[in-house]
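Small disclaimer: the values here were computed from a predicted structure and weren't measured. Every chain is numbered from 1, with letters handed out A, B, ... down the list of sequences.
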There are 2 protein chains.
Amino acid sequence: MTTRPGPRERLLDAARELTYSQGVQVGVDAILKQADVARRSLYQHFGGKDGLVAEVLRSDGGLDRYRQVMNEAGDDPRERVLAVFDELDAITSQPAFRGCRYTAAELTLTDPAHPAHAEVRAFKEGLHRLMAAELTRHGHPAPDAGADQLLVLIDGVLAHAVTRPGARPALAARALAEAVLAASK
Amino acid sequence: MTTRPGPRERLLDAARELTYSQGVQVGVDAILKQADVARRSLYQHFGGKDGLVAEVLRSDGGLDRYRQVMNEAGDDPRERVLAVFDELDAITSQPAFRGCRYTAAELTLTDPAHPAHAEVRAFKEGLHRLMAAELTRHGHPAPDAGADQLLVLIDGVLAHAVTRPGARPALAARALAEAVLAASK
DNA sequence: AATTAGATAGACCGATTGATCTACTGTCAA
DNA sequence: TTGACAGTAGATCAATCGGTCTATCTAATT
C-alpha cells in the first residue's frame, strides 16, 4: 500500500490546489480540511499562512515545466520557443485554467512585505534567463531584450485568456514570437 | 466655493482609488471613511460592495483614456497604435502603478457570479473593437486577429510591469506592435 | 407649515478570518 | 521504562468582514 505523504507535503499539495482554484484568499480552514492535517502542523512547518503561500510558489516547479516542454520539442531553439506557445494554447484552453498563479498572487497580495512577492520575482527572473538562453543559441542580436518580449507575450497570453475565453491568445502570441525569433541573423 | 459631490460620487471616487491601491479586498469601512459617507448610502445606491465594485469598473472610463491618447497622436493609424504603447510605458513607470485594474479584479474575484466579471469582459471587448478599427483603417488583412495580438501585448505589458519593475516591458511590446502593423499591405 | 426623501451616525449582527493555546496520542530511540 | 518529539483534535481568541437596523437630521417639495 502507498504510504501517504507527511503533513508538510499534504499541506503544500492542498494549498497549491486551493490557492489556484479559489485564489490566495482561500481560508486556512479549507486548506487544513483538504490536507487532513492538524491546525498546529501548519504553523509548525510554515510559521503561518503567508509562509505556506510563499512556499507553494517557491516549490511549484513552474520553471521545470517550461524546461520539460522545450526539451520535448527537441534541440532547435526556434522549435523550443514556439513549443512554449503551443503548450500555452493547450493550458489556456482547459476549463480549469484560472490564469497565472504568480501574476494572480502579485496582484492579489497588496502588502509589499508579503514573502510571496520575492518568489514571484524569482520565478520571472528565472523564466527570463531561460528564454534569453534560447535566443542566445538562436543567434539573436539582443537576447535580453528579446526575452523581455517573450515574457510580455507569455504574461499577456495568461492574463488575456482569463478575460476573453474564446480568444485563443496563445495563437496570436505565437505569431509574434516568430517575429522575435526573426530578429536573429 | 466648490460644492462637493453627492454621496454616490464620493463613494465611487473613494472606491476607485482604494480598490486600486489596496485591491478589491479593501474593507467597506475604509471606503466609507475616505468617502465620508454614511454606511447606509452605500447599500442604498449600490446594493452592496459587489455592486459598488462593479460600478467602479463600469464607470471607470478606461476606454475613453485610450481614445484620448490615440486622438492626441493624430490621424495616422500607425502613430495612434504606437502612441498607446508610449503611454503604457509612462503609466507603468509611475510609482503608484499597481497593474491593470480589470485584470486584477478578474484574478482576485474567484466567484464567477460576481457582477464585476461582466464589466471586465465588456471593457476588453471594447478595447478589442477600438484596436481592430485602427487596424482596419491601416489596411490590415485580418483586423480581428491583429487586435488579438495587440490586446495580448497590452495585457502583457500591464501584467509584466508589476512583477519586473525595471524591465520597461512597454518598450519591448512597442517593437512587436510594429510587427503587427507591418502585416498591413 | 406639513410632508417626504435622502443622508447621517452608529449600534449591532452573525459569520469568518488567522492565530494561539491546552490536552492527548502514537512512535521511536536511549 | 522513560523521555523526546511530531502530529492530532479542538477549544478559544481578538479582529475583521459585509450587511442590517433604528433613530435623527436636513433640505426640498407641496
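Comparing D/dG18, C/dT17, D/dA9 by their nearest atom to the side chain of B/Tyr43 picks out D/dG18. Taking the side chain of B/Val37 as heavy atoms from C-beta on, and the options C/dT17, D/dG18, C/dT8, the nearest nucleotide is C/dT8. Distances from the side chain of A/Pro7 to the nucleotides D/dG7, C/dA7, C/dA19 place D/dG7 closest. Side chain of B/Ala38, nearest nucleotide from D/dG19, C/dT17, C/dT8: C/dT8.
In this structure, B/Asp36 reaches the sugar-phosphate backbone alone: every heavy-atom distance under 4.0 Å involves primed, P, OP1 or OP2 atoms, never a base. Across all strands shown, B/Gly48 has heavy atoms under 4.0 Å from sugar-phosphate atoms exclusively, and none from any base. Using a 4.0 Å heavy-atom distance criterion, A/Arg10 is classed as a sugar-phosphate-only contact.
For the pair B/Asp50 CG and D/dG18 P, the computed distance is 9 Å after rounding to whole Å. When rounded to the nearest whole Å, the span between NZ of A/Lys49 and C1' of C/dT20 equals 17 Å. The distance between atom CD of B/Gln44 and atom C1' of C/dT4, rounded to the nearest whole Å, is 14 Å. Between the P atom of C/dA9 and the CG atom of B/Leu42 lies a distance of 14 Å, rounded to the nearest Å. Rounded to an integer number of Å, the gap from B/Gln25 CD to C/dT17 C1' is 14 Å. Taking atom CD1 of A/Ile31 as the reference point, atom P of C/dA19 lies 11 Å away to the nearest angstrom. When the P atom of D/dA6 is taken as reference, atom CG of A/Leu11 falls 15 Å away, rounded to whole Å. Note: CG (B/Leu32) to C1' (D/dT16) measures 14 Å, nearest angstrom.
Using a cut-off of 4.0 Å between Lys/Arg side-chain N and Asp/Glu carboxylate O, A/Arg98 and B/Glu106 are scored as not salt-bridged. Using a cut-off of 4.0 Å between Lys/Arg side-chain N and Asp/Glu carboxylate O, A/Glu9 and A/Arg4 are scored as not salt-bridged. Using a 4.0 Å cut-off between charged side-chain N and carboxylate O, A/Arg164 and B/Asp148 make a salt bridge. Salt bridge status for A/Asp89 with A/Arg174: absent, with no side-chain N to carboxylate O gap under 4.0 Å.
In terms of phosphate contacts, A/His45 brings a side-chain nitrogen or oxygen within less than 4.0 Å of OP1 or OP2 of D/dG7. B/Ser41 has a side-chain polar atom (N or O) that falls below the 4.0 Å cut-off from OP1 or OP2 of C/dT8.
The aromatic rings of A/Tyr102 and A/Phe123 sit parallel to each other, their planes meeting at less than 30°, with 60° as the upper class boundary.
For C/dG10, its base never sits under 3.5 Å from the side chain of B/Arg39 at any donor and acceptor pair. Not a single donor-acceptor pair, N or O on each side, falls under 3.5 Å between the base of C/dA9 and the side chain of B/Arg40.
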